[in-house]
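Presented below is the structure to which this report refers.
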Amino acid sequence: MTDVNQRGAAAASVDQAPPMVFADGVSKSFGSNEVLKHISLEVKRGEVLCLVGPSGSGKSTFLRCINHLEQVSSGRLMVDGHLVGYREAGGKLYELHPRDAAKQRRDIGMVFQRFNLFPHMTALENVMEAPVVVKGVSKAQAKARAIELLARVGLSDRADYYPAHLSGGQQQRVAIARALAMDPKLMLFDEPTSALDPELVGEVLDVMKGLAKDGMTMIVVTHEMGFAREVADTLVFMDGGVVVESGDPREVLANPQHERTKAFLSKVL
């Protein structure tokens with residue numbers, strides 16, 4: 001049984017639970033510019049969804065809406081059965097206090113294109129910081145967990161290195177370990193390899209493949225079609241703020257149904 005099939009079987013065992021991510025008619029505008037137009041999709045627990053499409057299609061904006069870094073203009077976004085960034089009362093939605101929204105965000109890990117590591121902290125200190133400051137974990141406990149996570153991403157020998165002395169791929173792996181240190185239920189990746197030299201891409205993708213194999217629920221904005229074909233349960237092609245096509249990644253990549261999807265894939269495959 002393939003890793004994807006194993007994850008699918010695991011997901012089937014929790015079918016009674018709400019989807020990890022549920023988007024219903026999500027729209028987002030910046031002034032008169034409608035970036036997202038009625039996006040509806042869901043991601044079950046343990047599944048990997050890859051978002052692909054041209055620049056400006058709304059992929060990154062949608063990712064940022066999932067953890068309320070951007071407010072949706074209309075529609076509903078839920079993570080693990082709970083509204084993201086809002087509460088409902090009397091049929092109306094009210095935005096959460098920033099403190100309460102931040103609490104929700106603790107459960108959602110996000111890895112950006114740029115690594116955003118603290119330059120004055122070692123790799124180990126970068127991974128320790130959020131659990132200590134945000135969750136009140138003891139430094140000893142946070143250090144033990146950080147050592148474990150750096151080993152998981154293949155950086156045990158770089159724990160005492162500062163970001164300036166790490167390659168881009170190593171910095172991105174530290175960023176992944178830092179996100180995992182908060183024990184998220186969902187991981188979001190916003191083109192995590194796009195800022196890397198080509199020879200460093202593989203080491204980051206290998207870590208992400210390991211997370212998928214372990215059952216982490218992931219949404220990945222990527223141009224790495226090989227990764228999407230191998231790891232994703234669902235491939236979603238977006239363009240102009242809408243979902244143009246979605247389905248099994250092998251099917252979509254081999255036999256796209258929409259002319260816009262065909263045109264895009266002809267340039268990237």
Side-chain angles (χ1 to χ4, degrees), residues 3-4 6-7 10 20 45-50 63 67 105-135 137-224 226-228 230-233:
D3 291 339
V4 170
Q6 287 171 342
R7 293 201 311 278
M20 183 58 74
R45 297 163 190 273
E47 286 190 342
V48 177
L49 182 144
C50 282
L63 217 61
N67 64 0
R105 203 173 289 125
R106 295 179 190 177
D107 293 329
I108 304 172
M110 188 160 184
V111 178
F112 300 87
Q113 296 179 40
R114 296 292 175 180
F115 326 121
N116 299 324
L117 299 178
F118 296 116
H120 62 289
M121 294 183 179
T122 64
L124 182 69
E125 290 167 341
N126 265 282
V127 178
M128 289 175 57
E129 181 73 0
V132 172
V133 174
V134 178
K135 297 180 78 173
V137 173
S138 71
K139 286 190 176 181
Q141 185 178 350
K143 182 177 181 180
R145 176 67 170 147
I147 290 171
E148 174 188 319
L149 288 170
L150 287 173
R152 183 174 183 178
V153 300
L155 291 173
S156 292
D157 60 341
R158 295 293 189 270
D160 295 327
Y161 282 55
Y162 289 91
H165 300 127
L166 297 172
S167 71
Q170 290 169 339
Q171 289 186 62
Q172 192 62 294
R173 284 187 280 157
V174 173
I176 293 173
R178 180 177 61 180
L180 293 173
M182 292 294 284
D183 295 318
K185 60 180 70 173
L186 169 67
M187 284 286 286
L188 309 176
F189 292 87
D190 189 6
E191 299 193 30
T193 60
S194 66
L196 300 178
D197 292 333
E199 66 269 22
L200 301 178
V201 168
E203 62 190 45
V204 174
L205 293 181
D206 284 344
V207 171
M208 295 170 64
K209 289 175 185 177
L211 292 177
K213 186 176 180 180
D214 290 344
M216 175 63 74
T217 310
M218 298 161 54
I219 300 180
V220 184
V221 172
T222 185
H223 293 295
E224 301 292 339
F227 173 85
E230 179 182 350
V231 178
D233 297 283

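Values below: every heavy atom of this structure, side chains too, minus hydrogens, waters and symmetry copies. Everything numeric here is computed off the predicted structure, so don't read it as measured data.
Under the 3.5 Å distance criterion, the side-chain polar atoms of Asn126 are matched with a main-chain donor or acceptor of Met121. Counting only distance, with no hydrogens or angles, the side chain of Gln113 and the backbone of Glu191 share no donor-acceptor pair below 3.5 Å. At distances below 3.5 Å, not a single donor-acceptor pair connects side-chain atoms of Gln170 with backbone N or O atoms of Leu155.
The two residues Ala177 and Leu150 make their nearest non-hydrogen contact at CB-CD2, 4.3 Å. When every heavy atom of Asp233 is checked against every heavy atom of Gly46, the shortest pair comes out as OD2-O, 4.3 Å. Contact record, Pro119 with Pro163: O-CD, 3.8 Å, taken as the closest heavy-atom pair. Closest approach of Glu125 and His120 over heavy atoms only: OE1-O, 4.3 Å. Here the closest heavy-atom approach between residue Phe189 and residue Leu63 is recorded as O-CD2, 3.4 Å. The minimum heavy-atom distance between Leu200 and Gly168, with the atom names listed, is CD1-N, 4.0 Å.
In this structure, Met208 CE and Gln172 CD are separated by 8.5 Å, a value rounded to the nearest 0.5 Å. Separating the CZ atom in Phe118 from the CZ atom in Arg178 is a distance of 6.0 Å, to the nearest 0.5 Å. Taken to the nearest 0.5 Å, the CG atom of Asp190 stands 5.0 Å off from the CE atom of Met110. Note that CG of Asp214 and CG of Leu211 are 6.5 Å apart. Values are rounded to the nearest 0.5 Å. For the atom pair CG of Asn67 and CZ of Arg105, the computed distance is 5.5 Å after rounding to the nearest 0.5 Å. Note that CE of Met20 is 9.0 Å distant from CE of Met216, once rounded to the nearest 0.5 Å.
The shortest distance between side-chain heavy atoms of Glu224 and Thr193 falls below 4.5 Å. Counting heavy atoms from C-beta on, the side chains of Lys135 and Asp183 come closer than 4.5 Å. Counting heavy atoms from C-beta outward, Leu124 and Ile147 have side chains that approach closer than 4.5 Å. Looking at heavy atoms from C-beta onward, Ile108 lies out of side-chain contact with Pro184 at the 4.5 angstrom threshold. A heavy-atom distance below 4.5 Å is not found between the side chains of Val137 and Arg145.
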Q.
Evaluate Val174 against Val127 for side-chain contact (heavy atoms from CB on, under 4.5 Å), listing each step before the verdict.
A. CA-CA 7 Å; Val174 173; Val127 178; 4.1 Å; yes
Q | Residues Met187, Leu180; criterion side-chain contact (heavy atoms from CB on, under 4.5 Å); working and verdict | A | CA-CA 8 Å; Met187 284 286 286; Leu180 293 173; 4.1 Å; yes
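The number of heavy-atom neighbours closer than 6.0 Å to CZ of Arg114, taken from other residues, nucleotides and ligands shown, is 12 or below. Heavy atoms of other residues, nucleotides or ligands lying less than 6.0 angstrom from NZ of Lys139 number 12 at most. Open room surrounds NZ on Lys143; 12 or fewer heavy atoms of other groups in view lie less than 6.0 Å from it.
Screening residues 154-173 for salt bridge (charged side-chain N to carboxylate O under 4.0 Å, His left out), with sequence neighbours left out, gives Arg173-Glu203.
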